[in-house]
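Here the structure is laid out as structure tokens; the discussion comes afterwards.
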Number of protein chains: 2
Amino acid sequence: MPAKKSNAPSPATALEFPRPLVTVDIALLTLSGNGLQVLLVQRPRAPAEPYPARWALPGGFIDVQKDHDLQACAMRKLREKTAVSSPYLEQVGSWGGAERDPRGWSATHVYFALVPRETSEPGKGGNAADARWFDVTLGGLVPGAGALAFDHDELLCAALQRLRSKVEYTSLPAFLLAEPFTLPQLQGAYEAVLGRRLDRSAFRRRALAVPGFLREAGIIQTGAPRAPQGYVLEHRGGPVVFARPFEPR
Amino acid sequence: MPAKKSNAPSPATALEFPRPLVTVDIALLTLSGNGLQVLLVQRPRAPAEPYPARWALPGGFIDVQKDHDLQACAMRKLREKTAVSSPYLEQVGSWGGAERDPRGWSATHVYFALVPRETSEPGKGGNAADARWFDVTLGGLVPGAGALAFDHDELLCAALQRLRSKVEYTSLPAFLLAEPFTLPQLQGAYEAVLGRRLDRSAFRRRALAVPGFLREAGIIQTGAPRAPQGYVLEHRGGPVVFARPFEPR
DNA sequence: TCAATAGTGTCTATAAGACAATATACC
DNA sequence: GGTATATTGTCTTATAGACACTATTGA
């Protein structure tokens, strides 16, 4: 909430004090054959820049002219990096402090986004030759990228933790798949994010029992021995919450 | 993430663009006999101020000199309003946009805090004669306060939604109680936040089965017909997560 | 002894994991 | 028909809700 105190002798709304830098960062995740991947961009090499040539989450400063709100800013940053098809976008939280950017007190608003692999090639629609997909562990480590710029290791870790915790009891992994998808594909997405195998029978029983989750969308010819049933989401707007999480085991 | 683009002809780190206002707001919650209460402060009456004399969540601008990070800023705001005894503090998220403050593009970082009733009297240690506890519904409505300043109705609503959703599967309500507390008291806290009654037997069985949740702390003489067993938290640092949520019923 | 609150025991229903069995398509 | 994948059925087990019962204290 904007300040109420006005101890200074200036008029009622005294706003002449230093303001933090304000940014938005996005952990854009997708699914490859190996598992989860995250999109990173390489920072400019100029030595005057903080963390030159390091890999970082895509993002950048709020533009108070262009961005109507935080979510709009996140969407704009996403568009600039990749041709996304209506990604799932959720705020993870915000990180702010005096030390996290050498240029001064800064606060960043972190989002994570989920997209199906096909529609999310960087460069395809995006202008980012400096953007690449990296395999990422469930703990948020990116083996191939070294230490990320700023506190982005921590931000990415938090984004993955959020995703992992919600997987247990929501339909989030479905947003990693292109529609229509099959139940075995959906189970694979869950297993990739959970980091463990699930029982086929229990998974299907459960997924099909959740109201408002899946709608049948015809048989799919995948080339598999038996052609599987295709499904689409009932609500693309957001995830469905399950009554109970997967058993811990 | 701070910007990487430097299209402008200025040197590598061009930071001469308008910055948003940055604030922190806190939904401080406690438990009264009736149920949940929230602490609100009244905005100054000067007509030059935005939303004069309206009730608002406690909070205010980041002070880049005093506040090392966002959480420290939230703790400072809390100290200024009430004498809290190590409250539970958790970030809810951030809200930012061009319209939410008439003074300009602003972003606020929202926290919710839980304190036991006894130690949280405003004025006791706090300097806020303009602060008051209000009964609040589980939906986040404050019947006695009218429309809150700024978008604080929405922020409060989000804070309560976060609390309610976590109650189902965490030990959060315990932070609304002074230690040592009894199991019936704990059940009462859960019922207040859940908005429904729970079965005693199931509740005890469950609460006592969660590892790392409760530790016995002697019999308490409350004046009740039968003196109950007292408990304290194993970890005051944060909530414990249950393997399964309460059944929907 | 009664009243009131704290705490326990037991039954049942639900749903998840385990795992076997069946269906379907392409070679 | 054989094989690989998709889908279904059944058994067991764990746990939550329901509800009755016991325990302890003070009037």
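Please read all numbers here as calculations on a predicted model, not as lab measurements. So you know, we letter chains A, B, ... as the sequences are listed, proteins then strands, and number each from 1.
- Rounded to whole angstrom, the span from the CG atom of B:Leu194 across to the P atom of D:dG17 amounts to 10 Å.
- The shortest distance between the side-chain N/O atoms of B:Arg204 and the OP1/OP2 oxygens of C:dT8 is below 4.0 Å.
- Between D:dT25 and B:Gln221, no contact under 4.0 Å exists linking OP1 or OP2 to a side-chain N or O.
- A:Leu208 has its CG atom 14 Å from the P atom of D:dA6, to the nearest Å.
- Screening A:Phe112, A:Tyr88, A:Tyr190 against A:Phe175 for a ring pair (Phe, Tyr, Trp, His ring centres under 6.0 Å) leaves a single residue, A:Tyr88.
- Comparing B:Arg206 and A:Ile219, the nucleotide of DNA chain D nearest to each residue sits closer to the 5' end for A:Ile219.
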Item to check | Verdict with supporting geometry, A:Leu28 and A:Val38, side-chain contact (heavy atoms from CB on, under 4.5 Å) | outcome: CA-CA 6 Å; A:Leu28 177 59; A:Val38 63; 5.8 Å; no

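- Within 3.5 Å, a donor on the side chain of B:Arg226 pairs with an acceptor on the base of C:dA6, or the reverse.
- For D:dG9, its base sits under 3.5 Å from the side chain of A:Ser201 at one donor and acceptor pair at least.
- The pair A:Arg196-A:Glu168 meets the salt-bridge criterion, since a charged nitrogen lies less than 4.0 angstrom from a carboxylate oxygen.
- Annotation: of the two residues near DNA chain C, A:Pro225 and B:Tyr231, the 5′-most nearest-nucleotide partner is B:Tyr231.
- Each of B:Arg200 and A:Asp199 has a nearest nucleotide on DNA chain D; the 5'-most of these lies closest to A:Asp199.
- Computed from coordinates, the A:Gln187 CD to D:dT8 P distance equals 14 Å when rounded to whole Å.
- Between A:Pro245 and B:Gln185, the residue whose closest nucleotide on DNA chain C is further toward the 5' end is B:Gln185.
- One atom, CZ of B:Arg196, and another, P of D:dA16, lie 13 Å apart when rounded to the nearest Å.
- Neither side chain, A:Thr182 nor A:Gln229, offers a donor N or O lying under 3.5 Å from an acceptor on the other.
- Interface remark: the B:Arg205 side chain does not form any donor-acceptor pair with the C:dG7 base, using a distance-only criterion of under 3.5 Å.
- Atom CD of B:Gln229 and atom C1' of D:dT24 are 14 Å apart (whole Å).
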